[in-house]
Every structure is written in C-alpha cells, then in structure tokens.
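Only one structure is covered here, and it is reproduced in the block below.
One is the number of the first residue; the rest follow in order along the sequence.
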Amino acid sequence: MSTDVTGVFVQLKLSLLKNGLRQSAGRRAAYIASAVLVLLFAALQLLGLIMLRGNAHADSVVVILVAVLALGWAVMPLFFPGGDETLDPTRLVMLPLRPRPLVRALLAASLVGIGPLFTLCLFAGSVIALAHGVAAYVVGVIAVVLALLVCVALARAVAVANIRLLTSRKGRDLAVLSGLVIAVGAQVVNFGAQRLGSSGLAQLDPAADVLRWVPPASAFGAVKSVSDGEYGIALLQLALSAGALLGVIAVWSRHLTRLMTSPDGSTLQAVTESAVRERTSTGLARLLPAGRTGTVMERTLRYVWRDPKTKAAWVTSLAIGLIVPLFNALQGTGSIYFACFAAGMLGIQMYNQFGQDTSAFWMVAMTISSPRDAYVELRGRALALLLITLPYAALVTVLTTALLGDWPKLPQVLGLSLALLGAMLATGAWTSARFPYSIPQEGYKSVAPGQAGLAWISIFGGMIAAALLCAPVIAVTIWLNVSEGGDAWTWLLLPGGVAYGAAITLLGLRLAAPSTAARLPEILTAVSKG
C-alpha cells in the first residue's frame, strides 16, 4: 500500500508541474528561464567546489555551505508558501491515509523539483572537494542522501508546523518580509566576502569546527574524517545526521497527525458571547496622550504591528538602517556620519502617510473638517514615528561611535541625525498631502499601476527637499570641524540639532495641514485605487 501511495504522490507532483506549465506561455517561459538560471548557477558552484579540491580549507567551505543550505530549506516555506502546492497537507485531510505511508510519499514527492536538483549538485561537488579514497566516496554517497533527506524533511516539518498561518491571507502577506531576508543576507554575504578576500579562507575554520558536528553538515564532516583515516569520528558524525533525519521525520509525522485529526474553525461551534475575551486597551495606549493625538498614535502603531505591508517596510528600514553603518564600521572603512542613515531610513516612513491607510482612509477623512483637525492628525502620526525613531537613531549612533571609537563626535552626529529626521518629517507630511498614491494590499508591489510617477516625486523629491532643509545644520557642522578651535563647540550641535529638527517638523506640519484639509477628496481617490 505504501509503495502505491508513494508512486501516486510522485506522479501527482509531476502532474502539478506539467499542468502548471500548460496554464500560459508566460508562466512556461518564466519557469524555463528560472530553471536554466538555477541550473547554470548550480553548475558554476559545482565547478568551483571541484576546483577547491586539495585546498587546506576545503572542508570548512563545504561544511558551512551545507549548513547554510539546510537553513535555507528550513526558512524557505515561511517566505514562499505558494512555491510548492504539495506543501499544504490540509488538502489531504479527507483521504484515508495513515501518517507513516503519507510521510514517505510526501518525502519522495518533495525530491522532485529544481530545488532538490540544485541542492544535489552542490552536495555532489562537496563530496568531490573532500573525498580522497574509495571509502571516502562511499561515505560521501551516504552523506549526500542523508543531507538531502534532512533538508527536504526539515522544509516539510516547518511547513506543516506553520501551515495554518502560511495558508491564511495574513500569512501570505507576511511573505513580503522575504525582501528583508534578501537585503540582510546580501549585506552579510558582502561583508563576509570582503573579510575572506582580505584574510583568506582560514577565517572560516572556527565556525566550521562547530558546524561539522551539526547535522546535516556533520555528514560531510564524516567524509573529511574518513579521508583522514578517522573512522570512529566519521561514524559518529554520520550517526548524528541519521539521528537528525529520524528526529525531523518524527516531528513532521506528529504535526501531520495532529493537523489531519484535530478540528478546525469549520468543525467547531461558534463561541458564545460570554466566551469571547473582552478587549481592553494595551498598556502602551494608557501611556499615550488623551484625545485625538493619542488615538492617532495608537492607530499608527497598530498598523506598524499588524499590517503586513507596513510591518515589512518598518522592519526593512530598521534592519538596513542598522546594517549599513555597523557593517561599514566593522570593515574599518566607515564614517561615524553613516549613523545618520538610520534616521534617514525611518524618516522615509513619514512619506505617503495616507496611502498606507489604503481605502480605510475614508474613515479618517470623515473626521477631518478643518486645518486644525488635519494638523492634529499629522502630528499624531509624526509622534508615533518619533516614538520608535528617536531611541533607535540614538542607539545606532552610539553603537557606530563605539565601534569606531570616535566618542568626541557623538553629540554632533546625533544632532545632525535628529535635524535630518525633523526635515524628513516635515517634507513627508507635505508630500503626503500633495502626492498621495495607493499601496496594493496583495502581492509584492508597493505602488498601484499608473502611480509610479507620484511615488518618485513624493519620496525622492521629498528626500532632496529634506537634504536642502538640513543644509544649515550641515554647514555649521562642517564649519566647526574645519575652523580652528571649533572642536570645543561641536557639542552645541546636539541641542541645536534637536531644536532645529523640532522647529522644522512643526513648521512642516503647519504648512501641510491646510493642504491636507483642502485636498481630502483627491487624496481619498488617489489612495483607494489599489
């Protein structure tokens, strides 16, 4: 029975791939192009691993590569849940299948696709780079099988454990965070490549010494151990990978059984009103100002926490604003003024404030009947942004200063950051009223079709205006640093930057309020197009 089920599931996976390619010529061309690019990249990686054979640090490269691949297999279902339709086992809940045969069938079906083929190519190249002797190649074949099965089973276990989230609309929207992972990963890879280029592959040895005992990388550590004649260590490393495979399959099977036997929302009776937990204000809400200002601040912060698109934009800005100055400082080539990048990244969140509300902006528009109402609305949104940005900008500035050891410049850099933040809040409030655009809630697009020009004018025009508004503070900073005896007065740039940033923010809000109140119909039309 299990053999028949396994064959059926493999055929099902092949049918899904074939029928998907038949849907349209565009989808077929995209799939073929992506497959060619992936296989070409895999071939280049395979060639690079083969050329690594005989290098004294080849085992370190291979072990870390396998560990990174396994991590990628583990997190990929969280960010791309729609990439494989067979990852959703809830489609099988009505079938009379036992967990053990079902796990085997799903595991076999998971080995069909470009991803497993890409991983197999890299694992094969890893064996060639490490193996010396017949025994090492035999262990290498076992290592490839074990590592590939661990990767696939790990992806399945993670998907099943989070399937309720991944198949929901909110879960699919969270896939936009994959952009953050790619951005952070690119910075980490860039930093690592520069370090390796300057210090050599020996930098990988400390991490590899730990990872060669972590499955599934331990399986390839066994290949190196056999090549060195350490058969006992090799056996232990293989046992670790085999044990990890059995453990992951056991976790997968347990979650699969629970998923296919436990009731969901469609089988549970509706809860009574007495069973509904009463919602109360959070502790943060009690700390916010009373009246409309506090209400606007709480609404804005709830959007940041709950709306997937808004959360993704904030998390990306927070991560990149921290990575750029710190990574440049770690490389020894950065400047302490890179810390201003943090305030700049978060200041962008003030742009297109009403577009972030999408069609729900009509409820806000109904409460704005005068420039005073518009001013309080904009002020509340700016204060909510400052609640996060002020401590964050200070933290990034202090960390960058600590890494560079340039403490005398801390006050002036922090003052410059706060002045820049104030200028971006001012220009962001004004451009939000003059150049609003819609942000589609579905998919990865951040601008509705036909509004790209508005987005460019709003963001980049506002950033240029913010830079011009900061010109006086920048000029004073330069003058104090180049003039004789000016270093003794640079500490004044901190209170000066705070005062300038606050003044320019209030001025920007005052100027944007009348335009916001007068253009409510146009704003509502623009932000509702998505």
Give me the atom names and distance for the closest heavy-atom approach of [X] to [Y].
{"X": "Val296", "Y": "Glu377", "value": "CG2-OE1, 3.3 Å"}
{"X": "Pro436", "Y": "Val527", "value": "CB-CG1, 4.0 Å"}
{"X": "Ser241", "Y": "Pro215", "value": "CA-CB, 3.9 Å"}

By the side chain to side chain donor-acceptor pair (under 3.5 Å) test, which pairs, at least two apart or in different chains, include something from residues 401-411? none
Just verifying a value: how many Å separate [X] [atom1] and [Y] [atom2], rounded to the nearest 0.5 Å?
{"X": "Leu378", "Y": "Leu383", "atom1": "CG", "atom2": "CG", "value": "11.0 Å"}
{"X": "Phe354", "Y": "Ser438", "atom1": "CZ", "atom2": "OG", "value": "14.5 Å"}
{"X": "Met463", "Y": "Leu468", "atom1": "CE", "atom2": "CG", "value": "12.0 Å"}
{"X": "Ile478", "Y": "Ile474", "atom1": "CD1", "atom2": "CD1", "value": "7.0 Å"}
{"X": "Phe118", "Y": "Phe123", "atom1": "CZ", "atom2": "CZ", "value": "10.0 Å"}
{"X": "Leu425", "Y": "Thr505", "atom1": "CG", "atom2": "OG1", "value": "4.5 Å"}

Kindly determine whether Leu122 and Leu46 satisfy side chain to side chain contact (heavy atoms under 4.5 Å, CB included), including the steps that lead there. CA-CA 6 Å; Leu122 266 63; Leu46 176 62; 6.0 Å; no
Test item: [X] side-chain N/O and [Y] main-chain N/O as donor-acceptor pair under 3.5 Å:
{"X": "Thr490", "Y": "Asp487", "answer": "yes"}
{"X": "Arg292", "Y": "Val376", "answer": "no"}
{"X": "Ser432", "Y": "Met350", "answer": "yes"}
{"X": "Tyr392", "Y": "Leu318", "answer": "yes"}

Should Leu410 and Thr397 be marked as a side chain to side chain contact (heavy atoms under 4.5 Å, CB included) after you check the CA-CA gap, both sets of side-chain angles, and the distance that decides it? CA-CA 7 Å; Leu410 175 61; Thr397 304; 3.4 Å; yes
List the atom pairs, with distances to 0.1 Å, where a side-chain N or O of residues 414-421 and a protein N or O form a donor-acceptor pair under 3.5 Å, not counting sequence neighbours.
| unit_1 | atom_1 | unit_2 | atom_2 | d |
| --- | --- | --- | --- | --- |
| Ser417 | OG | Val413 | O | 3.0 |

Is it the case that Thr516 and Tyr375 place a side-chain donor and acceptor less than 3.5 Å from each other? no
Looking at Phe220, is Arg212 sitting on its ring face, NZ or CZ under 6.0 Å from the six-membered ring centre and within 45 degrees of the normal? no
Quick note, ring pair (Phe, Tyr, Trp, His ring centres under 6.0 Å) partners involving residues 460-481, not counting sequence neighbours, are Trp456-Phe460
